[in-house]
Participant: 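Just passing along the structure, written as structure tokens.
Worth knowing before you read on, the calculation uses all heavy atoms, side chains too, and leaves out hydrogens, waters and symmetry mates. Note that ligands are numbered from 1 as they come in the structure, with each ligand's atoms numbered from 1 the same way.
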Amino acid sequence: MGYEAHFRVWRGDAGAGELRDFRVEVNEGEVVLDVIHRLQATQCPDLAVRWNCKAGKCGSCSAEINGRPRLLCMTRMSVFAEDETVTVTPMRSFPVVRDLVTDVSFNYEKAREIPSFHPPTGTAPGEYRMRQVDVERSQEFRKCIECFLCQNTCHVIRDHDDNKRAFSGPRYLMRVAELEMHPLDSHGETGGDRRELAQAEHGLGFCNITKCCTEVCPEHIRITDNALIPLKERVVDRHYDPLFGLFRRRKD
Ligand code: SF4
Ligand code: F3S
Ligand code: FES
């Protein structure tokens, strides 16, 4: 059965903005993005919203619904009471472009700072061998759709914009962890060390394991337990392993 919902949508740009109230028709089985599209079609043709697949796979439609970071296309209207006000605002951790669209280039900059996979020198394609358990570990991380909801949620940057310089956020620390756990990654051959990089360049130490990133991930990736905590353990091993310390002193 259809009904009319009360929507409160943030409208504005980088300079200023405000929440505006609308009454919008809702039909059975619809998601929040359907209602936003109806709002565009019937009342606000210039309402800016980013979306693409409407299937939870492109990661474009990230926003905040009643203050909770979510995908607009994967949030069913049936989770709200018919008399409840549904408030839709842009992601808070990134600069607003217009209405519900934010500038997420911070994330692409952080992605570019991570050295790519480096196969062992002298190993020809086709000679790579990995155990199934190692393959499966990175499969989970590769489900990421780059929606940036985890980045938007992590309090390290959500509450402290200045930290963006020193902290890459859960999505990119997870990428460093993925490469660090890869048995064939030989970034160390180039003189680099991904554990040092995680700590010094990507701000792993800022993460105090609050797990908010994991809670909002639409792909249910266990970012904290399976990527960030193991990466922290590897960093600790590197710095406090007495044998490694001895070896390092000799090399120095
Ligand atoms: Fe989105 Fe999850 Fe990827 Fe973060 S890890 S960008 S929440 S899919
Ligand atoms: Fe932030 Fe996730 Fe760590 S929310 S503090 S990156 S566990
Ligand atoms: Fe692609 Fe929502 S439109 S994830």
Side-chain angles (χ1 to χ4, degrees), residues 30-38 40 47-65 68-77 88 90-94 99-102 104-112 114 137-164 166-179 181 198-199 201-236:
E30 288 188 333
V31 294
V32 173
L33 186 61
D34 291 316
V35 182
I36 293 288
H37 281 161
R38 184 164 300 117
Q40 271 184 327
L47 174 67
V49 58
R50 190 181 278 135
W51 69 284
N52 198 323
C53 69
K54 206 170 169 281
K57 287 298 159 208
C58 73
S60 307
C61 66
S62 302
E64 305 197 359
I65 305 174
R68 189 179 160 79
R70 309 181 72 138
L71 295 178
L72 296 175
C73 75
M74 296 304 284
T75 306
R76 293 189 171 281
M77 284 303 298
V88 187
M91 285 193 283
R92 200 177 93 186
S93 299
F94 309 119
D99 301 335
L100 301 176
V101 174
T102 53
V104 292
S105 50
F106 160 77
N107 300 287
Y108 300 116
E109 285 158 20
K110 293 297 178 184
R112 278 195 292 271
I114 301 173
R137 189 177 294 121
S138 68
Q139 282 299 105
E140 181 189 12
F141 305 146
R142 285 173 170 271
K143 287 193 302 181
C144 175
I145 58 170
E146 304 234 290
C147 65
F148 308 133
L149 287 175
C150 59
Q151 300 283 97
N152 174 55
T153 306
C154 176
H155 67 97
V156 176
I157 44 184
R158 188 174 177 91
D159 300 334
H160 310 278
D161 203 55
D162 285 356
N163 285 342
K164 281 183 178 164
F167 183 67
S168 296
R171 195 274 168 261
Y172 296 103
L173 285 166
M174 180 174 83
R175 174 67 178 150
V176 176
E178 179 189 344
L179 290 163
M181 290 173 194
Q199 198 73 354
E201 303 294 327
H202 299 287
L204 180 63
F206 281 87
C207 166
N208 55 353
I209 319 183
T210 57
K211 299 197 182 187
C212 311
C213 51
T214 302
E215 278 172 29
V216 298
C217 178
E219 286 295 315
H220 308 292
I221 302 170
R222 297 178 67 198
I223 307 168
T224 320
D225 286 351
N226 293 349
L228 306 186
I229 293 175
L231 186 59
K232 279 175 176 283
E233 287 168 349
R234 284 171 185 246
V235 168
V236 169

Participant: Number the atoms of ligand 2 from 1 as they appear, then name those within less than 4.0 Å of a heavy atom of N208, with their elements.
Facilitator: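 Per the distance check, 5 (S).
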Participant: Are K110 and E201 within salt-bridge range, i.e. N to O under 4.0 Å?
Facilitator: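 So K110 does not pair with E201 through a salt bridge.
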Participant: Tell me which protein heavy atom sits closest to atom 4 (S) of ligand 3, plus the residue, atom name and distance to 0.1 Å.
Facilitator: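 Protein heavy atom at minimum distance: G59 N, 3.3 Å.
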Participant: Can you name the atoms of ligand 1, numbered from 1 with element, that are less than 4.0 Å from a heavy atom of C144?
Facilitator: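 Near C144, the atoms of ligand 1 are 3 (Fe), 5 (S), 6 (S), 8 (S).
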Participant: Roughly how far apart are L100 CG and E64 CD, rounded to 0.5 Å?
Facilitator: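 Separation between the atoms: 10.5 Å.
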Participant: Among all protein heavy atoms, pick out the one at the shortest distance from atom 3 (S) of ligand 3; state its residue, atom name and that distance to 0.1 Å.
Facilitator: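 Looking at atom 3 (S) of ligand 3, the protein heavy atom closest to it is K54 N, 3.1 Å.
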Participant: Of all the atoms in C217, is at least one N, O or S atom closer to atom 2 (Fe) of ligand 1 than 2.8 Å?
Facilitator: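 Checking atom 2 (Fe) of ligand 1 against C217, an N, O or S atom does fall under 2.8 Å.
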Participant: Please work out whether any backbone atom (N, CA, C, O) or any side-chain heavy atom from C-beta onward of E146 is under 4.0 Å from ligand 1, and answer side chain, backbone, both or neither.
Facilitator: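 Backbone only.
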Participant: Between R175 and E178 (salt bridge meaning N to carboxylate O under 4.0 Å), is one present in this structure?
Facilitator: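 Salt bridge flag = yes for E178 with R175.
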Participant: Just checking: C154, one of its N/O/S atoms, less than 2.8 Å away from atom 1 (Fe) of ligand 2, yes or no?
Facilitator: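 An N, O or S atom of C154 is closer than 2.8 Å to atom 1 (Fe) of ligand 2, so yes.
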Participant: Which of the atoms of ligand 1 are close to I223, meaning less than 4.0 Å from one of its heavy atoms?
Facilitator: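 Ligand 1 atoms under the 4.0 Å threshold to I223: 5 (S).
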Participant: What are the atoms of ligand 1, with element, lying closer than 4.0 Å to any heavy atom of F148?
Facilitator: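 Heavy-atom distances to F148 below 4.0 Å select 1 (Fe), 6 (S).
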